[in-house]
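Just below is one structure, and these are the notes that go with it.
Note that the coordinates shown come from a computational prediction; the quantities given were computed from them, not determined experimentally. Labels below follow one simple rule: chain letters A, B, ... track the order of the sequence lines, proteins then strands, and each chain is numbered from 1.
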Protein chains: 2
Amino acid sequence: MSETPNLDRTDRRILEALQRDARLPMRELASIAGAAPSTCSERVRRLESRGVITGFHTAVDLGALGRSVEAMVFTQVRPLSRDLIDQFHSDALAMPEVMAVFVLAGGDDFLLHVGVRDVAALHSFLVDNLSSRREVVQFRSSIVYGHGRKEALEDLTESSR
Amino acid sequence: MSETPNLDRTDRRILEALQRDARLPMRELASIAGAAPSTCSERVRRLESRGVITGFHTAVDLGALGRSVEAMVFTQVRPLSRDLIDQFHSDALAMPEVMAVFVLAGGDDFLLHVGVRDVAALHSFLVDNLSSRREVVQFRSSIVYGHGRKEALEDLTESSR
DNA sequence: GTTGAAAGCTGTTGAAT
DNA sequence: ATTCAACAGCTTTCAAC
């Protein structure tokens, strides 16, 4: 969204802290960022309006949501037109089992991150929702045994070093 | 974490709303969930202590963090021992470019979700951080052209239907 | 752009149901 | 376990630098 965000040290500290805890009180955030609470409040609001901060989300345990089995489904669709890609993208994301969709270049066309109740539900999903679609030429699924997500992404911009 | 979370309608409404906006005021959350603000407050706290809510996070635009290029890197490591898997998992997650790590079954062993400045940086990462490692037998990378994440994951438990 | 103090609002606490 | 009302604490506003 933003081309030259030009984040300064304060912004980067705010973003790092807020990625770890979106509900961090302004007072604490201020002491971490090294600024006054009112300044932080203003900074956060500007980061939102600039499109740097895109949202505040709550992470939920997948097991608690009846999604103990996770899998990555690599999918090829044909013909590879813009319309078909967009259509499949939104269709896939609308499926209850699909948690995220990635459009890839080379090899497979899509990567679907799915979360389901058990292996039987995964099989049902593959057979009923993917095999049945005419545009789906091929797919292959891998069970996810574990995953790790970085708590806070650092700014890799040169100027920030 | 929790085996029988047994989420009721109120819990599910709270989780859905909070996944979309972790900073939703208790008053609004209460009206959405159909309960008193104090009840919501208690519910949220219990969901946290039960391990259903695992965190509150802020989403940041990848371009703003100097990560305009995203890629999925499928990696095979050998020998496939528990120790080596755990080691590579934590090593990979410690790399600045790596945003998430998935341990897969079948085909490839790992899937690395990376975010870098440009294609040159991706190449550097592959050559310097992966090729150079002795345990890495093979890898293949796909540029991510786009992605979509579900705003709120619904509960797929039978009893919740 | 930043700060400090006042104002307004929000979240939580406790007694009662 | 939930609710209402009062409190305490916070965030935000605004004038000043």
#### Entry: Members of residues 18-26 of chain A that approach DNA chain D, where some heavy atom sits under 4.0 Å away
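Within this stretch, A/P25, A/M26 sit under 4.0 Å of the strand.
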
### Task
Could you tell me whether B/E42 and B/R45 have a side-chain N and a carboxylate O separated by less than 4.0 Å?
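Between B/R45 and B/E42 there is a salt bridge, with a charged N closer than 4.0 Å to a carboxylate O.
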
### Query
Does A/V127 sit in a hydrophobic cluster with other residues, and if so which ones, taking ILVMFWY side chains as linked at heavy-atom separations under 4.5 Å, directly or through other members?
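Besides A/V127, the hydrophobic cluster comprises nothing; the residue is isolated.
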
Sequence-distant partners of [X], side chain to side chain contact (heavy atoms under 4.5 Å, CB included), two or more places apart:
{"X": "B/Q138", "result": "B/Q76"}
{"X": "B/L111", "result": "A/M72, A/L111, B/M72, B/F74, B/F102, B/L104"}
{"X": "B/E16", "result": "B/R20, B/A152"}
{"X": "B/D8", "result": "B/T10, B/D11, B/R43"}

### Task
Please examine the side chains of A/V98 and A/V73, heavy atoms only from C-beta on, and report whether any two atoms are closer than 4.5 Å.
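No, too far: nothing below the 4.5 Å cut-off.
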
#### Entry: side chain to side chain contact (heavy atoms under 4.5 Å, CB included) between B/T75 and B/D109, intermediate numbers included
CA-CA 6 Å; B/T75 312; B/D109 307 314; over 6 Å; no

### Message
Pairing donors with acceptors under 3.5 angstrom, does anything connect the side chains of B/D91 and B/Q87?
### Response
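Side chains of B/D91 and B/Q87: pair found under 3.5 Å.
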
### Task
Please check if any side-chain donor atom of B/D155 sits under 3.5 Å from a side-chain acceptor atom of B/T157, or the reverse.
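Result is yes, a qualifying pair exists.
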
#### Entry: CD-CG distance between B/E154 and A/L65, expressed to the nearest 0.5 angstrom
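These two atoms lie 9.5 Å from each other.
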
### Message
Which residues pass the salt bridge (Lys or Arg N to Asp or Glu O under 4.0 Å) test with A/R134, not counting sequence neighbours?
### Response
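Counting only residues at least two positions away or on another chain, A/R134 forms no salt bridge (Lys or Arg N to Asp or Glu O under 4.0 Å).
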
### Query
Excluding sequence neighbours, so at least two apart, what forms salt bridge (Lys or Arg N to Asp or Glu O under 4.0 Å) with A/D118?
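A/D118 satisfies salt bridge (Lys or Arg N to Asp or Glu O under 4.0 Å) with no other residue.
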
### Message
Tell me whether the rings of B/H147 and B/H113 are parallel (<30°), tilted (30 to 60°) or perpendicular (>60°).
### Response
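Rings of B/H147 and B/H113: perpendicular, as their planes differ by over 60°.
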
### Query
Near DNA chain C, under 4.0 Å by heavy atom, which residues of residues 35-45 of chain B?
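Residues of residues 35-45 of chain B under 4.0 Å from DNA chain C: B/S38, B/S41, B/R45.
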
### Task
Assess whether side chain to side chain contact (heavy atoms under 4.5 Å, CB included) is satisfied between A/L62 and A/M99, documenting all intermediate values.
CA-CA 11 Å; A/L62 291 180; A/M99 304 190 293; 3.8 Å; yes

#### Entry: Segment of DNA chain C, first to last nucleotide, that comes within the 4.0 Å heavy-atom reach of chain A
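Contacts span C/dG1 to C/dG4, reading 5' to 3'.
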
### Message
Could you tell me the boundaries of the chain A footprint on DNA chain D, defined by atoms under 4.0 Å from its heavy atoms?
### Response
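Listed 5' to 3', the contact boundaries are D/dC10 to D/dT13.
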
#### Entry: Axial bend angle, the helix from C/dG1-D/dC17 to C/dT17-D/dA1: five-pair end segments, nearest 10°
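Result, rounded to 10 degrees: 30°.
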
